[in-house]
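Quantities reported herein were computed from a predicted structural model and do not represent experimental measurements.
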There are 2 protein chains.
Amino acid sequence: MTRRPSARPNINTTPISIDNYFKVAISVDCVIFGFDEGVLKVLLIKCNFNEFRGQWSLLGDLVRPDEDMDEASYRILRERTGLDDVYLEQVHTFGSLNRHPSGRVITTAYYSLVNIQHHKLALSDNELHWHPFDEIKCLAFDHMDILNTCYARLQQKVLREPVVFNLLPPKFSLRELQSLYEAILGVELDRRNFRKKFFQMGFLTDTGQMEDDVPHRPGKLYRFNYKKYTKQSKKPLDINF
Amino acid sequence: MTRRPSARPNINTTPISIDNYFKVAISVDCVIFGFDEGVLKVLLIKCNFNEFRGQWSLLGDLVRPDEDMDEASYRILRERTGLDDVYLEQVHTFGSLNRHPSGRVITTAYYSLVNIQHHKLALSDNELHWHPFDEIKCLAFDHMDILNTCYARLQQKVLREPVVFNLLPPKFSLRELQSLYEAILGVELDRRNFRKKFFQMGFLTDTGQMEDDVPHRPGKLYRFNYKKYTKQSKKPLDINF
DNA sequence: GCAAAAGTGTTCACATTACACCCATGG
DNA sequence: CCATGGGTGTAATGTGAACACTTTTGC
């Protein structure tokens, strides 16, 4: 929630030409999450913008005049990662007066969930780099705010919708799934209870295959069954704050 | 979640002057919720825009060049309802190419929770009217989308944060509180379980006063104790979808 | 007295939690 | 053989859901 930031006089009586309004640019910024080596990561790019040169920033771009905002986000993802059909969710729009040195630029933040392995090869641009989320302390512009807002949204989301599977390969072990939840939520979970929970949900299909590249007893590989999953689920209606 | 809406060629190779970008206007639209006579209501205004003249629309306005987006929302609320310190939450930004006849206008949707009784007197403008949420079937522009998106967000929100008290007078009966939850969630709740729930949360203070204008046995009046309420609450971390 | 809502406890089903041992594999 | 994680079950606790009768007030 936001409370009124400051008292301002009602300036409704001062007419302003309509043309003065159409001087805003809009951009989108994407927080692209990945999961690798048990760590939640974010794809960042070296900023080539004067005031912030050398700092890392989120991937973003201005929205073209003939372009929908969602389209712009997909374009950025496609251009930067080579990935096409990815999970994308709009989170918040940031419009502080001085957030951008070039003028009034409003940005709409999205987050995206991608499978890092899938596009490792496409990531040849050495201006791009995956950073562990926990180690990101400072970014260009107001991107640190944007990052934290998107992360908070992701934390809520994974509890209510099966979006985490976008971060995993199609076949995954239960340990991978659990450590992904732990990485996103920042907590440790009980292994037996976690397994019980997911099995009784009934959305995991045993592929019959096993891990084969681990230095310990291999686990079974599962697949998320999108067909069995339906949003009809009876979420208990509990008021809880 | 949004999936890529349509395949588009990568037009990154077509240079566009930076000036072409700064031709967008931004607006804010507010879904102002109130609660009256057991019914969830929304404040609407008669649209005076050509293409939609005579239809109802949300309260909105262009964001001024020197104005923060949140400020713009508070300005609209102040101008239209006379209310100042209200609950306001940003929800989503709508930016379809042809959503506004005048050109590229991106709008950011907010919802607001107000106590109808508090400003009944300030509402003299007869272009403004409180509509029962359930009876709103058609609005100007894409405002029906905006309304539904904000309503869905409100439904989620009331389960996790004590925002409903913004819709009630400072002193309220448990029946009022319950019927408000029922109106927002669209379900019937068990009275005894509801009372138990709220009392054991410990955030309701007995004012010692009773209702005095009801045609039946009066109930006690309570106040929400913001001091006792802290976000430290131990929400059970349950994955549930 | 009648209508309408206030106020009040218990039971059942289910979900979350905590917890310990043996097994399979790689090195 | 050792380290690492895979795989498994049960008991206790807590929460949500269902449910009925008496009391108080206005009319």
Side-chain angles (χ1 to χ4, degrees), chain A residues 35 37-39 158-160 168-169 171-183 185 187-223 232-241, chain B residues 35 37-39 155 158-160 168 171-183 185-223 233-241:
Chain A
F35 181 62
E37 298 165 351
V39 176
V158 297
L159 297 175
R160 298 282 164 259
L168 293 171
K171 298 171 187 176
F172 50 85
S173 68
L174 258 137
R175 175 179 35 79
E176 290 175 296
L177 182 60
Q178 179 176 342
S179 74
L180 174 50
Y181 268 97
E182 291 175 334
L185 298 174
V187 296
E188 294 210 331
L189 301 171
D190 180 89
R191 202 166 87 253
R192 277 173 294 188
N193 294 337
F194 185 85
R195 298 171 77 88
K196 196 192 313 173
K197 179 90 192 177
F198 271 87
F199 287 141
Q200 75 188 22
M201 285 198 281
F203 301 135
L204 295 186
T205 304
D206 189 335
T207 64
Q209 295 175 274
M210 308 286 280
E211 293 179 293
D212 61 358
D213 51 353
V214 289
H216 55 76
R217 173 176 173 180
K220 289 185 177 181
L221 293 177
Y222 298 89
R223 189 190 301 279
Q232 62 167 21
S233 74
K234 62 294 167 192
K235 301 180 187 179
L237 189 62
D238 72 312
I239 300 164
N240 197 345
F241 52 80
Chain B
F35 181 61
E37 298 165 353
V39 177
Q155 286 188 312
V158 297
L159 296 175
R160 297 282 164 258
L168 293 171
K171 299 170 186 175
F172 50 86
S173 67
L174 239 76
R175 177 180 36 81
E176 291 176 296
L177 183 60
Q178 180 176 342
S179 74
L180 175 50
Y181 267 98
E182 290 174 335
L185 298 174
V187 296
E188 294 211 331
L189 301 171
D190 179 90
R191 204 167 84 251
R192 276 172 294 187
N193 293 338
F194 185 86
R195 299 171 76 89
K196 196 193 311 172
K197 180 88 192 179
F198 272 88
F199 287 140
Q200 76 188 21
M201 284 197 282
F203 302 135
L204 294 185
T205 304
D206 190 335
T207 64
Q209 295 175 273
M210 309 285 280
E211 292 179 293
D212 61 357
D213 52 354
V214 289
H216 54 76
R217 173 174 174 181
K220 289 186 177 181
L221 293 177
Y222 298 89
R223 189 190 302 279
S233 72
K234 63 295 167 191
K235 300 181 188 180
L237 190 59
D238 72 312
I239 301 164
N240 197 343
F241 52 82

Integer-rounded Å distance: [N] [atom2] and [X] [atom1]:
X      : N      : atom1 : atom2 : value
A/M210 : C/dC23 : CE    : C1'   : 11 Å
A/E188 : C/dA18 : CD    : P     : 12 Å
B/R191 : D/dG16 : CZ    : C1'   : 18 Å
B/D238 : D/dT13 : CG    : P     : 21 Å
A/L189 : C/dT17 : CG    : C1'   : 12 Å
B/R195 : D/dT15 : CZ    : C1'   : 20 Å
A/K220 : C/dT25 : NZ    : P     : 13 Å
A/F198 : D/dT8  : CZ    : C1'   : 18 Å

No-H, no-angle donor-acceptor pair, [X] side chain to [N] base, under 3.5 Å:
X      : N      : value
A/K196 : D/dT8  : no
A/N193 : C/dA18 : yes
B/R217 : C/dA6  : yes
B/R192 : C/dA6  : no
B/R175 : C/dA6  : no
B/K197 : D/dT15 : no

Is A/R175 paired with A/E211 through a side-chain N to carboxylate O contact shorter than 4.0 Å? yes
Enter the distance from [X]:[atom1] to [Y]:[atom2] here, rounded to the nearest 0.5 Å.
X      : Y      : atom1 : atom2 : answer
A/F198 : A/Q178 : CZ    : CD    : 9.5 Å
B/K197 : A/I239 : NZ    : CD1   : 7.0 Å
B/R223 : B/F172 : CZ    : CZ    : 9.0 Å

Taking A/Y181 for its side chain and A/V158 for its backbone only, find out whether a donor-acceptor pair lies under 3.5 Å. yes
Starting at the 5' end of DNA chain C, which residue's closest nucleotide do you reach first, A/D212 or B/G219? B/G219
By nearest nucleotide on DNA chain C, pick out whichever of A/P218 and A/D190 is the more 5' one. A/D190
